[in-house]
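These numbers were taken from a predicted model, which means no experiment stands behind them.
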Amino acid sequence: MSDVYYEFGTAAERWERARFFFEAKEYGTAAGILGGLVAEAPELIAPRLLLARAYYHSARLQKAEAELRTVLDRDPVEHYARLMLGRTLERQGRGAEASAHLRLAAAMSGDLPSAP
């Protein structure tokens with residue numbers, strides 16, 4: 001099947017299509033659609049964050065990391081991006097680097113463990 005179908009339509013239609021494929025766990029297809037949306041509007045956080053999630057779930061961890069770092073460069077207090085970056089780094093075996101991001105995400109969400 002041609003990828004042209006996925007690229008057809010308005011940005012809003014492609015966003016909905018990407019979300020549909022993501023929810024159907026068709027992460028590669030979702031990433032293909034989202035990559036085009038991100039290229040068209042690189043300043044938008046939501047498509048880039050969903051793209052990072054699609055990469056994460058399809059084990060394209062370096063791509064996920066790059067997208068998440070871009071999100072955090074633009075919005076350093078984006079809690080979910082911080083959490084995902086920590087988890088992405090953990091999956092790459094970079095636990096020490098991950099822990100700083102996970103602690104920040106916990107602090108931002110108020111999920112810090114209570115002191116003994």
Side-chain angles (χ1 to χ4, degrees):
M1 180 179 282
S2 170
D3 288 344
V4 174
Y5 165 76
Y6 303 127
E7 299 169 6
F8 180 76
T10 66
E13 291 168 338
R14 287 179 285 137
W15 168 248
E16 288 303 316
R17 193 174 301 124
R19 290 181 48 206
F20 170 81
F21 281 109
F22 184 87
E23 290 170 11
K25 299 182 180 180
E26 294 288 337
Y27 302 118
T29 303
I33 298 166
L34 291 162
L37 289 171
V38 166
E40 286 176 31
E43 72 283 357
L44 296 179
I45 299 294
R48 192 177 293 275
L49 190 54
L50 191 57
L51 176 59
R53 291 177 65 199
Y55 285 150
Y56 177 86
H57 287 297
S58 59
R60 293 186 274 177
L61 300 177
Q62 290 177 339
K63 287 185 173 200
E65 178 185 350
E67 294 300 333
L68 292 165
R69 289 189 186 280
T70 300
V71 168
L72 291 170
D73 285 345
R74 293 174 183 190
D75 187 0
V77 295
E78 171 54 59
H79 160 258
Y80 191 68
R82 185 74 60 187
L83 176 65
M84 279 201 59
L85 179 57
R87 289 182 178 169
T88 300
L89 293 169
E90 278 182 329
R91 278 184 73 184
Q92 294 180 68
R94 295 160 60 190
E97 190 178 350
S99 66
H101 294 285
L102 294 172
R103 280 193 310 271
L104 277 170
M108 287 179 196
S109 70
D111 289 338
L112 286 175
S114 57

Requested in this report: State, yes or no, whether a side-chain contact exists between L34 and W15 at a heavy-atom distance under 4.5 Å.
Outcome: yes
Requested in this report: Check for a donor-acceptor pair, side chain of Q92 on one end and backbone N or O of R94 on the other, with a separation under 3.5 Å.
Outcome: no
Report summary line: Interatomic distance, CD1@I33 vs CD@E16, rounded to 0.5 Å, equals 11.0 Å
**Report entry** Test: E90 and R87 ion pair at under 4.0 Å
**Finding:** no
Report task. Indicate the atoms forming the closest heavy-atom contact of A64 with T88, along with that distance. Result -> CB-CG2, 4.2 Å
Report summary line: The reported gap from CD in E78 to CG in D73 (rounded to nearest 0.5 angstrom) is 13.0 Å
Report task. Determine the minimum heavy-atom distance between S109 and H79, stating which atoms define it. Result -> CB-NE2, 3.3 Å
Query raised in the report: By side chain to side chain donor-acceptor pair (under 3.5 Å), which residues pair with S58, not counting sequence neighbours?
Result: R60
Show me the side-chain donor-acceptor pairs of residues 35-55 shorter than 3.5 Å, one per line, residues at least two apart or across chains.
from: E40; atom 1: OE1; to: R14; atom 2: NH2; distance (Å): 3.0
from: E40; atom 1: OE2; to: R14; atom 2: NH1; distance (Å): 2.6
from: E40; atom 1: OE2; to: R14; atom 2: NH2; distance (Å): 3.2
from: R48; atom 1: NH1; to: E67; atom 2: OE1; distance (Å): 2.6
from: R48; atom 1: NH2; to: P42; atom 2: O; distance (Å): 3.2

Query raised in the report: Can you list the residues that meet the side chain to side chain donor-acceptor pair (under 3.5 Å) rule with R91, with sequence neighbours excluded?
Result: none
Query raised in the report: Is there a chain of hydrophobic side chains (I, L, V, M, F, W, Y, each step under 4.5 Å between heavy atoms) that links L72 to M108?
Result: no
Report task. Check step by step if side-chain contact (heavy atoms from CB on, under 4.5 Å) holds for H101 and L89. Result -> CA-CA 9 Å; H101 294 285; L89 293 169; 3.6 Å; yes
Query raised in the report: Is the shortest distance from a Lys or Arg side-chain nitrogen in E13 or R17 to a carboxylate oxygen in the other one below 4.0 Å?
Result: no
Query - Separation of Y56 OH from L85 CG (nearest 0.5 Å) - result: 11.0 Å
Requested in this report: Starting from the C-alpha separation in whole Å, work towards a yes-or-no answer on side-chain contact (heavy atoms from CB on, under 4.5 Å) for K25 and Y27.
Outcome: CA-CA 5 Å; K25 299 182 180 180; Y27 302 118; 3.3 Å; yes
Query - Cluster check L102, L68: I/L/V/M/F/W/Y, side chain < 4.5 angstrom - result: yes
